Protein chains: 2
Amino acid sequence: MADHKVKAELFDQFARIGQALSSGRRIEILDVLANGERSVEGVAEQVGLSLANASRHLQLLREAGLVSSRREGTFIRYRLAAPEVYEFWTALRSLANKRLAEVERLVEAYIGSLDGLEAVTREELYGRLSSGDDLFVIDVRPGEEFAAGHLPSAVSIPLEELKKRLDQVPKDREVVAYCRGPYCAFAPEAVAHLRAQGYRARQLEDGLPEWAAAGLPVEAGGGVRTGRGGRPKRPAAKVPADQSRPPNNP
Amino acid sequence: MADHKVKAELFDQFARIGQALSSGRRIEILDVLANGERSVEGVAEQVGLSLANASRHLQLLREAGLVSSRREGTFIRYRLAAPEVYEFWTALRSLANKRLAEVERLVEAYIGSLDGLEAVTREELYGRLSSGDDLFVIDVRPGEEFAAGHLPSAVSIPLEELKKRLDQVPKDREVVAYCRGPYCAFAPEAVAHLRAQGYRARQLEDGLPEWAAAGLPVEAGGGVRTGRGGRPKRPAAKVPADQSRPPNNP
DNA sequence: TCGCTTCTCAAATTATCGCTTGAGTAGTGG
DNA sequence: CCACTACTCAAGCGATAATTTGAGAAGCGA
């Protein structure tokens with residue numbers, strides 16, 4: 001008879017994934033990393049954690065095989081370990097949406113009511129862009145994420161800078177804003193602000209990761225800041241060994 | 001600017017699902033429940049937990065919206081709250097399989113090497129059953145799970161009873177055994193034993209939940225024991241209110 | 001009603017987790 | 001070599017979690 005202890009160990013392995021996802025902060029990290037590689041400090045800043053704490057969370061995610069990292073100079077850049085990880089995160093949030101009534105209430109509290117702000121579907125936007133429609137597409141995520149990948153014709157105006165850079169948004173064209181996904185407040189806020197200023201603005205359904213996962217075209221590169229300064233990214237950085245090492249138990 | 005605290009709360013909700021799956025014991029419980037309703041004691045017995053402990057784990061799963069329960073006399077029967085929960089569990093194990101090298105090693109240690117025991121695919125089995133092939137299909141799960149649902153032509157011979165009931169297995173027909181899924185050792189053990197006794201035996205790929213999820217036909221009913229005794233199940237039990245109540249925070 | 005079964009709850013123990021603080025390490029540039 | 005940046009590690013604290021034990025509660029059946 002097969003050992004009861006071995007069975008327990010096997011299911012404990014499955015639980016490692018669950019354990020990695022048992023902290024809201026770690027899920028936030030995954031959501032950020034779905035938008036592109038980030039340094040530890042970048043993650044810490046986006047999620048609102050101390051550096052040491054973010055470092056620890058990232059290590060836990062790496063031990064669960066969900067993210068991997070590589071060194072680039074003094075930076076260590078983390079990213080999702082595989083596309084399946086992103087798919088799993090979408091499966092998790094979809095399940096939570098269906099099974100936890102609380103999610104709906106909080107989404108409304110965080111994102112705001114989406115009534116009247118009907119989103120542009122990916123298909124519609126892709127079709128209109130392909131047919132040469134005169135749309136102005138804004139990527140309102142932090143510049144680093146824009147650089148890691150963005151819609152083909154998009155312009156990067158991080159939400160933080162939107163108010164200062166309103167003059168760069170044409171008033172006579174229809175504006176479409178997008179951000180990190182369905183649980184990101186950047187695009188809804190941008191749209192609300194633009195509308196209040198008299199622009200014709202809507203948001204794209206979901207965000208860039210979903211666009212990319214749907215197989216639609218994504219461009220990379222474009223003005224970026226690497227640290228907290230503003231210096232442009234070196235065009236080609238050396239790419240040292242991957243530190244993702246297949247995680248095994250001690 | 002949308003509140004940072006609200007965002008944290010939202011992601012903490014997603015983490016509730018992860019938290020529910022952060023214990024190997026709870027995942028084992030889900031795997032058992034995927035094979036049909038179970039009383040608390042039934043779950044405790046299958047997973048190897050004390051009654052009070054199993055009760056607690058089931059409550060946690062219910063608070064995460066993954067299982068629901070109903071009272072039936074003095075029993076309280078738990079089940080998966082929705083088909084999506086089962087699908088999520090398959091997604092979890094698939095991800096763990098891809099990302100955690102440890103899983104492969106443990107599966108081999110627990111299930112045994114499957115080399116040379118090529119499984120019958122669902123399609124092949126369904127086709128052969130439909131065309132009237134003379135197969136003998138054995139359900140080697142506990143009788144309670146057989147009663148909750150089984151392959152149309154299957155015979156229930158729980159693994160525990162297989163040795164005593166070998167005379168009920170025809171030696172001149174091809175035998176196909178199945179159990180709970182890819183991480184259940186019942187069918188592989190049954191096949192190994194049958195082969196050692198000279199039977200032509202193979203196992204079905206995966207188990208009953210996967211068969212059902214593939215949309216293939218499932219029959220319910222058939223000799224069952226409800227408690228630990230052996231008395232037959234009453235043909236129709238009253239079905240009181242569902243205790244699954246959409247879970248919200250306190 | 002009483003006794004029985006099945007399950008839940010409360011309390012207590014032990015283990016684990018999340019986070020902070022402060023020291024330590026790895027790579028970069030002068 | 002030194003100073004600096006980016007990150008990791010170790011210690012420690014308070015908060016949660018897992019499990020056991022023993023005491024209830026809820027629904028039979030007689």
Side-chain angles (χ1 to χ4, degrees), chain A residues 8 11-12 15-16 18-29 37-45 47-64 67 69-78 144 226-229 231 234 237-241 243 250, chain B residues 8 11-12 15-16 18-29 37-45 47-64 67 69-78 144 225-229 231 234 237-241 243 245 250:
Chain A
F11 279 82
D12 283 343
R16 282 172 68 186
Q19 219 154 41
L21 298 172
S22 69
S23 149
R25 252 32 63 219
R26 283 194 288 271
I27 299 182
E28 281 192 68
I29 291 177
E37 264 189 353
R38 278 267 183 191
S39 66
V40 179
E41 191 183 352
V43 167
E45 197 179 327
V47 182
L49 295 172
S50 72
L51 185 66
N53 201 2
S55 175
R56 181 82 190 112
H57 279 303
L58 285 164
Q59 282 170 52
L60 290 173
L61 286 169
R62 188 169 57 196
E63 279 162 29
V67 310
S69 63
R70 69 191 172 88
R71 190 174 262 282
E72 187 184 308
T74 60
F75 290 90
I76 292 183
R77 302 200 174 276
Y78 281 84
E144 203 170 342
T226 268
R228 62 188 96 200
R231 61 213 140 102
R234 277 151 289 169
K238 52 179 172 174
V239 178
Q243 292 182 19
Chain B
F11 279 82
D12 283 344
R16 282 172 67 187
Q19 217 154 41
L21 298 172
S22 69
S23 148
R25 254 29 65 218
R26 283 195 288 271
I27 299 182
E28 281 191 67
I29 290 176
E37 264 188 353
R38 279 268 182 188
S39 66
V40 179
E41 191 184 351
V43 168
E45 198 179 326
V47 182
L49 295 171
S50 72
L51 184 67
N53 201 3
S55 175
R56 180 84 190 110
H57 279 303
L58 284 164
Q59 282 170 54
L60 290 172
L61 286 169
R62 188 168 56 195
E63 279 161 29
V67 309
S69 63
R70 69 191 172 87
R71 188 174 264 283
E72 187 183 308
T74 60
F75 290 89
I76 293 185
R77 302 200 173 275
Y78 281 85
E144 203 170 343
R225 60 241 76 215
T226 268
R228 62 188 95 199
R231 59 211 139 103
R234 277 151 290 169
K238 52 179 173 175
V239 178
Q243 292 182 21
R245 50 173 154 137

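Lettering follows sequence order; numbering is per chain, from 1. Quick caveat: nothing in here was measured; it's all calculated off a predicted structure.
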Is [X] close enough to [N] that one of its side-chain N or O atoms is under 4.0 Å from OP1 or OP2 there?
{"X": "Thr74(A)", "N": "dT28(C)", "result": "no"}
{"X": "Ser55(A)", "N": "dT8(D)", "result": "yes"}
{"X": "Gln59(B)", "N": "dC9(C)", "result": "yes"}
{"X": "Tyr78(A)", "N": "dT8(D)", "result": "yes"}

I need the [atom1]-[atom2] distance between [X] and [N], as an integer number of Å.
{"X": "Glu45(B)", "N": "dT6(C)", "atom1": "CD", "atom2": "C1'", "result": "14 Å"}
{"X": "Arg38(B)", "N": "dC7(C)", "atom1": "CZ", "atom2": "C1'", "result": "17 Å"}
{"X": "Phe75(A)", "N": "dT5(D)", "atom1": "CZ", "atom2": "C1'", "result": "8 Å"}
{"X": "Ile27(B)", "N": "dA18(D)", "atom1": "CD1", "atom2": "C1'", "result": "15 Å"}
{"X": "Glu63(B)", "N": "dA17(D)", "atom1": "CD", "atom2": "C1'", "result": "13 Å"}
{"X": "Leu61(B)", "N": "dA18(D)", "atom1": "CG", "atom2": "P", "result": "10 Å"}
{"X": "Glu41(A)", "N": "dG27(C)", "atom1": "CD", "atom2": "P", "result": "19 Å"}
{"X": "Leu58(A)", "N": "dC7(D)", "atom1": "CG", "atom2": "C1'", "result": "11 Å"}

Quick one: [atom1] on [X] to [atom2] on [Y], what's the gap to the nearest 0.5 Å?
{"X": "Leu61(A)", "Y": "Leu21(A)", "atom1": "CG", "atom2": "CG", "result": "7.5 Å"}
{"X": "Glu41(B)", "Y": "Thr74(B)", "atom1": "CD", "atom2": "OG1", "result": "10.0 Å"}
{"X": "Ile27(A)", "Y": "Ser22(A)", "atom1": "CD1", "atom2": "OG", "result": "8.0 Å"}
{"X": "Glu28(B)", "Y": "Leu49(B)", "atom1": "CD", "atom2": "CG", "result": "7.5 Å"}
{"X": "Glu72(A)", "Y": "Ser39(A)", "atom1": "CD", "atom2": "OG", "result": "9.5 Å"}

query = How would DNA chain C look in dot-bracket form, 5' to 3', counting Watson-Crick and G-U wobble pairs with both distances under 3.5 Å and writing | for bases paired to another strand?
reply = ||||||||||||||||||||||||||||||
With a 3.5 Å distance limit and no angle check, can you tell me whether [X] reaches the backbone of [Y] through a side-chain donor-acceptor pair?
{"X": "Arg62(A)", "Y": "Ala64(A)", "answer": "no"}
{"X": "Arg71(B)", "Y": "Gly73(B)", "answer": "yes"}
{"X": "Arg26(B)", "Y": "Gln19(B)", "answer": "yes"}

query = For DNA chain C, whose closest nucleotide is more 5', that of Ala52(A) or that of Leu51(B)?
reply = Leu51(B)
ask   = Are Glu45(A) and Arg38(A) close enough for a salt bridge, meaning some N to O gap below 4.0 Å?
value = no
remark   = Under a 4.0 Å heavy-atom criterion, the protein footprint on nucleotides 13-19 of chain C, written with B, S and -, is ----SSS
